[in-house]
Peer 1: 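Below: one structure in structure tokens.
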Amino acid sequence: MYEPIRTQSVHTMAAQRCGMRGLHRSREEELDIRLAWHLTALLTLTDELRALTPSRALDDAADRLADRITHMRGHAPLRAAPTAGRATPAHITALHQRAHQLAGQALVVATTTGDTAGESLAAERLSAHAAALGITTAR
């Protein structure tokens, strides 16, 4: 016959031992993680662009992205070393296109969470990559 389980699951006990509230994150926590991921990916692309086309604007953007991620996660982001290669126009364009997409995704998540600092940074990067791609907005 069926007998009800009277003990906690191994997962619940492990979560309690680690000080976690449970195994599931709230929607806000998931969105914060997603925003940090988008910003980290954007930082990686920015570092790649900095290596191929050095500029003070990209240096500043990378510093601000790293600062925002550090503020969100409580520690500095891991940063990959940029690849060594030639800066072909097609490659630079592809990097800007991907960065533009990531900045747009980060903007959506930051707006959803009400993260005004993240929203401002994402909107700025979106505009910068749009300008690099020659994308203009109708006003």
Side-chain angles (χ1 to χ4, degrees):
M1 249 187 127
Y2 172 76
E3 183 175 333
I5 298 172
R6 294 192 176 120
T7 61
Q8 293 181 335
S9 75
V10 173
H11 301 292
T12 304
M13 290 188 304
Q16 288 173 347
R17 204 170 323 133
C18 293
M20 297 169 52
R21 289 193 315 256
L23 296 178
H24 301 288
R25 295 182 187 106
S26 70
R27 181 173 186 271
E28 292 78 21
E29 289 169 324
E30 289 293 337
L31 289 172
D32 285 343
I33 290 167
R34 184 173 296 175
L35 178 58
W37 185 90
H38 288 314
L39 293 176
T40 301
L42 187 55
L43 175 60
T44 300
L45 288 169
T46 303
D47 284 341
E48 187 77 17
L49 284 165
R50 287 174 55 217
L52 297 174
T53 58
S55 77
R56 185 67 197 144
L58 287 172
D59 292 344
D60 291 342
D63 290 343
R64 291 184 36 242
L65 284 164
D67 289 346
R68 184 71 198 134
I69 296 163
T70 300
H71 176 76
M72 292 178 71
R73 307 309 303 158
H75 56 82
L78 295 175
R79 294 174 82 166
T83 59
R86 291 186 307 143
T88 64
H91 184 63
I92 300 298
T93 298
L95 290 172
H96 278 294
Q97 287 171 336
R98 184 65 186 129
H100 185 262
Q101 292 170 342
L102 282 167
Q105 292 169 346
L107 179 58
V108 169
V109 177
T111 301
T112 301
T113 61
D115 182 342
T116 55
E119 188 177 341
S120 175
L121 182 56
E124 177 192 304
R125 298 315 310 146
L126 185 69
S127 295
H129 292 294
L133 293 168
I135 299 171
T136 58
T137 57
R139 293 191 185 249

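Model, not experiment: these values are computed from the prediction.
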Peer 1: If you round to the nearest 0.5 Å, how far is CZ of Arg73 from CG of Leu78?
Peer 2: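 If we round to the nearest 0.5 Å, Leu78:CG and Arg73:CZ are 12.0 Å apart.
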
Peer 1: Quick check for you: to the nearest 0.5 Å, what is the distance between Arg34 atom CZ and Leu39 atom CG?
Peer 2: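 The CG atom of Leu39 is 13.0 Å from CZ of Arg34, to the nearest 0.5 Å.
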
Peer 1: Could you go through the side-chain contact (heavy atoms from CB on, under 4.5 Å) check for Arg50 and Asp47 one step at a time?
Peer 2: CA-CA 5 Å; Arg50 287 174 55 217; Asp47 284 341; 2.8 Å; yes

Peer 1: Evaluate the side-chain proximity of Thr70 to His75: yes if any heavy-atom separation is below 4.5 Å, no if none is.
Peer 2: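 Not touching, per the 4.5 Å side-chain cut-off.
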
Peer 1: Quick one: does Arg27's side chain get under 4.5 Å of Glu30's, heavy atoms only?
Peer 2: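 Of all side-chain heavy-atom pairs linking Glu30 with Arg27, none is under 4.5 Å.
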
Peer 1: Quick check for you: to the nearest 0.5 Å, what is the distance between Ile33 atom CD1 and Arg25 atom CZ?
Peer 2: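 Separation between the atoms: 4.0 Å.
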
Peer 1: Can you hop from Leu58 to Leu102 via hydrophobic side chains spaced under 4.5 Å?
Peer 2: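 In one cluster with Leu58: Leu102, yes.
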
Peer 1: Check this for me: does any side-chain nitrogen of one of Arg64 and Asp67 sit under 4.0 Å from a carboxylate oxygen of the other?
Peer 2: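 Salt bridge between Arg64 and Asp67, a charged N being under 4.0 Å from a carboxylate O: no.
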
Peer 1: Which heavy atom of Pro77 sits nearest a heavy atom of Ala66, and at what distance?
Peer 2: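 Heavy-atom minimum between the residues: CD-O, 3.9 Å.
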
Peer 1: Tell me whether Leu43 shares a hydrophobic cluster with Val108, the cluster being built from Ile, Leu, Val, Met, Phe, Trp, Tyr side chains joined at under 4.5 Å.
Peer 2: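 No: no chain of side-chain contacts under 4.5 Å links Leu43 to Val108.
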
Peer 1: Testing the basics here: between Ala106 and Leu35, what is the closest heavy-atom pair and its distance to 0.1 Å?
Peer 2: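 Scanning both residues, the minimum pair turns out to be O-CD1, 3.5 Å.
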
Peer 1: Please answer whether the main-chain N or O of Ala123 pairs with a side-chain N or O of Ser127 as donor and acceptor at a distance below 3.5 Å.
Peer 2: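 Present.
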
Peer 1: Atom CD1 in Ile92, atom CG in Leu133: separation rounded to 0.5 Å?
Peer 2: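 It comes to 11.0 Å.
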
Peer 1: Checking Arg56 now: which residues fulfil salt bridge (charged side-chain N to carboxylate O under 4.0 Å, His left out) with it, not counting sequence neighbours?
Peer 2: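 Only Asp59, Asp60 meet the salt bridge (charged side-chain N to carboxylate O under 4.0 Å, His left out) criterion with Arg56.
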
Peer 1: What I'd like to find out is whether the side chain of Thr44 reaches to under 4.5 Å of the side chain of Arg79, using heavy atoms alone.
Peer 2: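 No. Closest side-chain heavy atoms not under 4.5 Å.
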
Peer 1: Rounded to the nearest 0.5 Å, how far apart are NE2 of His129 and OG1 of Thr46?
Peer 2: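 Answer for the NE2-OG1 pair, His129 versus Thr46, is 4.5 Å.
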
Peer 1: Go through the structure and list residues passing salt bridge (charged side-chain N to carboxylate O under 4.0 Å, His left out) with Arg68, not counting sequence neighbours.
Peer 2: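 Only Asp115 meet the salt bridge (charged side-chain N to carboxylate O under 4.0 Å, His left out) criterion with Arg68.
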
Peer 1: If hydrophobic clusters are built from ILVMFWY residues whose side chains come within less than 4.5 Å, do Ile69 and Leu31 share one?
Peer 2: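 Linked within one cluster.
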
Peer 1: Roughly how far apart are Arg125 CZ and Leu42 CG, rounded to 0.5 Å?
Peer 2: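 Reported to 0.5 Å precision, the distance equals 7.0 Å.
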
